[in-house]
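Here is the structure we will look at.
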Amino acid sequence: MSKYPPGKYTPAVEVGLDRMREMAKGNFDLKWMQSNPAGWGHKVTPGPAGLRLRDVDTGYYGNVPEHGSTHGSMAPRGCEVPPETKALPMYTMNEMSEVWAENAGLLYDEAVVRQWNSVTDVPWDKLEKLPDDIERAVCQMCTGLTEVEFVAGDMPAKWLHKINHDFHEVKLFLASQIFDEARHLDVFRKRALANGGGLLMASPGQEELLAAILEAPDYTTASALMHIFGEGFVLTLFRQGEFLAPTEVEKAIFRLCMQDEARHVAYGVKHLKYFLERHPNRAEEVHKILDIGEQAIFTLTLEPQTSEPRAILAGGGLANIDVGAQRMAFIYAKQVKEYLRRLEIAGLNREPRLTIPKEIPYEDLAA
Amino acid sequence: MTETTLFPSKQWFQALARLMDKDESAYRDLGPLECTMVVKVDTDAATHLYEVVFEGFKVQSVRELKSLADAKPEHFVIEATLSIWREMIENIRANAGPDLTHTLNYLTFPDDPMRVSGPDQLEVDAFYRYNQSLQRFFNAAAEVPTAFAS
Ligand SMILES: [Fe+2]
Ligand SMILES: [Fe+2]
């Protein structure tokens, strides 16, 4: 008796069995071998830094459609899609302008080569016992940064699976960002736990901004708020972290994170530029979300758990916290200046709309 | 007697570029660079400008510039007085790498004593984006006996 009596299996399994019967008889299909003639014979030359996306995504494969293909499947851009391929309804971000940035592919390549890990790339053996106030300041700074890093991974993850597969450069870049952010939250948390201290206090002020990023109505406004505004401010905090680092350990951590963060900001700036060039009438939506962000960051910047540990580190200890606060007062103006300059590249004149002061003259406030 | 190379000079940056070639596997671990750095050195008498173009894991070119207008349009500038450059280089040479207060980021972050600028913010951001590699590039000064213009 046949092991496969008719009707024992579902129609899908029956089709598969039929196909295997044909193969067992030596009847192969092989139509795929002649498929996609336009995409066959592609020539590729690796560049000085290896084989990058831009080296392979040329000619036929470099054509990124303005409207992502409507077949809505997971088929990669440039392959032949058989007509019977099922359209899937989950890819809802199908316009190139919704997600594109001209540097996305380059940043992805850079991200994968510039990977590092918190297990072996940080010289943990150079940790040394620090005075209690300094250790607490470092641990509080790391607690706050761990909190921030969660959202930076969650935001791209929220949108990634909706993006049409024709925009693989963007999907790859966002995937690399999710992993960058995983490393960041991991390394800051690790530092807080590694030297006899621990995690200290979460930041309610921070939560407001982080929620606004996740609740943004569409990807571009979420990206403007996170990639340009939030990560731009965080990039400066990382630079400050390196500046204030009491040992080689924090120095290495902040330098590594700083590089990653600058990629995220670079994507955000170029995406907003691409978007606004095609939808200048939507600048107002971006302004509106930045209004929210600016208010939230102002509260956050001045929250004690954010500002005081940095002042302790800058002053060299709790006894000199006032000196440290004064010494670090310049950082806010620097953050705002760089933020405005990044938006300028994206084509958004934010200065007349800015809802927060451009600088906070510390001495005037103290007077 | 050890032969010294003058800072600032085109030869000094070329010496670092040669060391970068020798150290290629370490730069590969750090990741590729794609940026142009202009080093500005101010003395009482003059301003010296050197353009270093990085591509992949190498220095593609080193040029002395007459003015900033001659630089590749996409670049960032690191500027300081000669005495600050000297202090940084001597610190790197004394410790086989900078101590905590002589890293590029440490010296530039408050815009004093060094400053990073550029035609637009993304160019300045390249200094942050490639910071590990740029730091390594300057760390090679540990192997270049250096004389300083007075
Ligand atoms: Fe991050
Ligand atoms: Fe980030």
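Since the structure is predicted, the reported quantities are computational estimates derived from the model, not experimental observations. Proteins get letters first, then strands, A, B, ... in listed order; numbering begins at 1 in each. What you see below is based on every heavy atom in this structure, not just the backbone, and it leaves out hydrogens, waters and symmetry mates.
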Go through the atoms of [X] and report whether side chain, backbone, both or neither lie under 4.5 Å from a heavy atom of chain B.
X: Arg52(A); answer: side chain
X: Thr247(A); answer: backbone
X: Gln240(A); answer: both
X: Leu340(A); answer: neither
X: Ala266(A); answer: both
X: Leu107(A); answer: side chain
X: Leu235(A); answer: side chain

If you measure from [atom1] on [X] to [atom2] on [Y], what distance do you get to the nearest 0.5 Å?
X: Leu100(B); Y: Phe243(A); atom1: CG; atom2: CZ; result: 11.5 Å
X: Lys251(A); Y: Gln135(B); atom1: NZ; atom2: CD; result: 9.0 Å
X: Asp260(A); Y: Tyr128(B); atom1: CG; atom2: OH; result: 16.0 Å
X: Asp29(B); Y: Gln115(A); atom1: CG; atom2: CD; result: 13.0 Å

Quick check: closest heavy atoms across Arg341(A) and Pro119(B), and the distance to 0.1 Å?
NH2-O, 3.4 Å
Restricting to non-hydrogen atoms, name the atom on Leu122(B) and the atom on Ile345(A) that form the minimum distance, rounded to 0.1 Å.
N-CD1, 3.5 Å
Return yes when atom CD of Glu74(B) has more than 12 non-hydrogen atoms of other residues, nucleotides or ligands closer than 6.0 Å, and no otherwise.
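No, because the 6.0 Å sphere around CD of Glu74(B) holds 12 heavy atoms or fewer from other groups.
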I'd like to know which of Glu338(A), Met258(A), Arg239(A), Glu261(A) tops the heavy-atom pair count under 4.5 Å against chain B.
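The candidate making the most pairs under 4.5 Å is Arg239(A).
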Under 3.5 Å: donor-acceptor pair, side chain of [X], backbone of [Y]:
X: Lys334(A); Y: Pro110(B); result: no
X: Arg342(A); Y: Gln121(B); result: no
X: Asp125(B); Y: Ala262(A); result: no
X: Arg114(A); Y: Pro32(B); result: yes

Pick out which of His264(A), Gln259(A), Glu110(A) makes a side chain to side chain donor-acceptor pair (under 3.5 Å) with Arg129(B).
Glu110(A)
Considering only heavy atoms, which portion of Tyr130(B) lies under 4.5 Å from any heavy atom of chain A: side chain, backbone, both, or neither?
both
Thr103(B) and Arg255(A) side chains, donor-acceptor separation under 3.5 Å:
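Judged by distance alone, the side chains do not pair up.
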Check the pair Glu34(B) / Arg54(A) against salt bridge (charged side-chain N to carboxylate O under 4.0 Å, His left out), numbers first and verdict last.
CA-CA 14 Å; Glu34(B) 197 157 304; Arg54(A) 69 172 173 209; 2.9 Å; yes
Are Phe238(A) and Phe109(B) an aromatic pair by the rule of ring centers under 6.0 Å?
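No, the ring of Phe238(A) stays outside the 6.0 Å limit from the ring of Phe109(B), centre to centre.
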